[in-house]
There are 2 protein chains.
Amino acid sequence: MRLSNLADYAVVTMSAAARHCGGGRTSAAELAAETGLPVPTVQKLVSKLSAAGLLRSTRGSGGGLQLARPAAAISVADIVEAVEGPIALTACIEGTDCTVSHDCSVRPHWPVVNQALRGALAGIPLTQLALEKEPA
Amino acid sequence: MRLSNLADYAVVTMSAAARHCGGGRTSAAELAAETGLPVPTVQKLVSKLSAAGLLRSTRGSGGGLQLARPAAAISVADIVEAVEGPIALTACIEGTDCTVSHDCSVRPHWPVVNQALRGALAGIPLTQLALEKEPA
DNA sequence: GACCAATCGGAACGATTTGGTCCGATTAAC
DNA sequence: GTTAATCGGACCAAATCGTTCCGATTGGTC
């Protein structure tokens, strides 16, 4: 019931990247310096986020990173899914079935919880997280 | 972003125990036979659930298990917290702070997501999960 | 045109948590 | 008092997560 540290770091990293969106170009080392995360860890996160289509990476010297989409169009759910795969509380949802699905009467109810969770995450755009202080 | 198998099994086990609530007494072996889970695994779950105050265990021969509270007063959130500890997506919530909380602008927003998730889980009582078929 | 420097991408290692199994302590019944 | 059945805790193996390192690619510079 806790998302992995990588997912947490990914959110922080994306939040830092969103602030650099104005310049359009930043690097993994830059983001690592700002977030305080280890550089290799950020590199790994950048790889996953790029593969998921959230970041646009440019290789070579003078290369860098930039958001593939506007910050307002990126939600926490997108970031979490990019790092941890599809949001599914149980294996019943994405996988075919449980290994013990004899009379699994709870299975029909998991999608409800799953959607509630995903909706909560999808309702928070990256722009809100990039704010320096909480809105309220 | 996925709860552990133990938590999933715990929900199934509690669901099975709720059906035996009428008799008031059942055993870990009984629940294991019905759910198809390994007996030792169910024993481990029973230990945790009892420690959390969700199950009442009676030792000795002829002993058994029974729900400590009415099924309607037990929610999925209770079961998950019993097995996995407090529901906290990030270490920032329960722990003192992140190890990299320099300018962690996302920290103020986690409790919102956390409460949304917990609310979704707390809104499903055990009685609903014990139904043979989905309500709709 | 060739060299060099900087960056991302993937692969390998180690640590931590999770899941499964076993044995002992406790208790009621006989 | 003995026996039998149960829960409770402790040990061990496995999988995943997290970190680190190395190689492939690309742009700038001479």
Side-chain angles (χ1 to χ4, degrees), chain A residues 1-10 12-13 17 20 24-33 35-66 68 80 82-85 88 90-91 95 98-100, chain B residues 1-13 17 20 24-33 35-66 68 80 82-85 88-91 95 98-100:
Chain A
M1 205 63 267
R2 180 178 306 172
L3 50 80
S4 64
N5 292 343
L6 270 305
D8 186 5
Y9 297 163
V12 176
T13 300
H20 285 277
R25 292 183 188 84
T26 183
S27 66
E30 186 86 8
L31 295 176
T35 57
L37 298 172
V39 177
T41 298
V42 175
Q43 284 188 355
K44 189 174 184 60
L45 288 173
V46 166
S47 299
K48 289 208 171 200
L49 293 170
S50 299
L54 296 179
L55 284 177
R56 180 84 43 174
S57 65
T58 306
R59 301 176 69 161
S61 96
L65 303 172
Q66 55 184 358
V80 172
V83 175
E84 296 198 343
T90 64
C98 318
T99 58
V100 290
Chain B
M1 205 62 267
R2 179 178 307 172
L3 51 79
S4 64
N5 293 344
L6 270 303
D8 187 4
Y9 297 163
V11 174
V12 176
T13 301
H20 285 279
R25 292 182 188 83
T26 184
S27 66
E30 186 84 8
L31 296 176
T35 58
L37 299 171
V39 177
T41 299
V42 175
Q43 285 189 355
K44 189 175 183 63
L45 289 173
V46 166
S47 299
K48 288 207 173 202
L49 293 170
S50 300
L54 296 179
L55 284 177
R56 178 85 40 172
S57 64
T58 305
R59 298 176 71 161
S61 94
L65 303 171
Q66 54 183 358
V80 172
V83 176
E84 295 198 343
L89 276 75
T90 63
C98 319
T99 57
V100 291

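Here is the naming used below: chain letters follow the sequence lines, and residue numbers restart at 1 for every chain.
For A:Pro40, counting side-chain heavy atoms from C-beta on, the closest listed nucleotide (C:dG9, C:dG20, D:dC21) is D:dC21. Looking at the side chain of A:Leu65, the nearest of the listed nucleotides D:dT19, C:dC8, C:dT21 is C:dC8. Set against D:dC7, C:dG20, D:dT19, the side chain of A:Thr41 has D:dT19 as its closest nucleotide. Relative to the side chain of B:Ser50, the nucleotides C:dG20, D:dG18, D:dG8 differ in distance, and D:dG8 lies closest. For A:Gln43, the side-chain atoms get nearest to C:dC8 when compared with the rest of C:dG19, D:dT19, C:dC8. Comparing D:dC17, C:dT21, D:dG8 by their nearest atom to the side chain of B:Pro38 picks out C:dT21. Comparing C:dG9, D:dT19, D:dG18 by their closest approach to the side chain of A:Lys44 singles out D:dT19.
Taking atom CG of residue B:Asn5 and atom C1' of nucleotide D:dT16, one finds them 12 Å apart after rounding to whole Å. If you measure from atom CD of B:Glu30 to atom P of D:dC7, you get 11 Å, rounded to the nearest angstrom. Protein atom CG of B:Leu49 is 13 Å distant from nucleotide atom C1' of D:dC7, rounded to whole Å. Between the CG atom of A:Leu45 and the C1' atom of C:dG9 there is a distance of 14 Å, rounded to whole Å. Put simply, CG on B:Leu6 is 12 Å from P on C:dT21, counting in whole angstrom units. Rounded to an integer number of Å, the gap from CG of A:Leu3 to C1' of D:dC17 is 13 Å. Between B:Asp8 atom CG and C:dG20 atom C1' there is a gap of 16 Å when expressed in whole angstrom units.
Residue-level contact check: A:Ser57 touches the backbone only, with heavy atoms under 4.0 Å from sugar-phosphate atoms and none from bases. Counting non-hydrogen atoms under 4.0 angstrom, A:Ala28 reaches the backbone sugars and phosphates but no base.
Within the structure, a side-chain polar atom (N or O) of B:Ser4 is placed less than 4.0 Å from OP1 or OP2 of C:dG19.
In this structure, A:Arg56 and A:Ser50 have side chains that are not in contact, with every pair of non-hydrogen atoms separated by 4.5 Å or more.
Judged by distance alone, the side chain of A:Gln43 and the main-chain N or O of A:Ala28 form no donor-acceptor pair under 3.5 Å. For the pair B:Thr35 (side chain) and B:Leu31 (backbone), a donor-acceptor distance under 3.5 Å is present. Formation of a donor-acceptor pair under 3.5 Å by the B:Thr41 side chain with backbone atoms of B:Leu37 is not found in this model.
Under 3.5 Å, the side chains of B:Thr26 and B:Gln66 contain no donor-acceptor pair of N or O atoms.
Scanning atom types as modelled, no donor and acceptor separated by under 3.5 angstrom connect the side chain of B:Arg59 and the base of C:dA28.
Taking for each of B:Thr58 and B:Glu84 the nucleotide of DNA chain C with the nearest heavy atom, the 5'-most of the two is the partner of B:Glu84.
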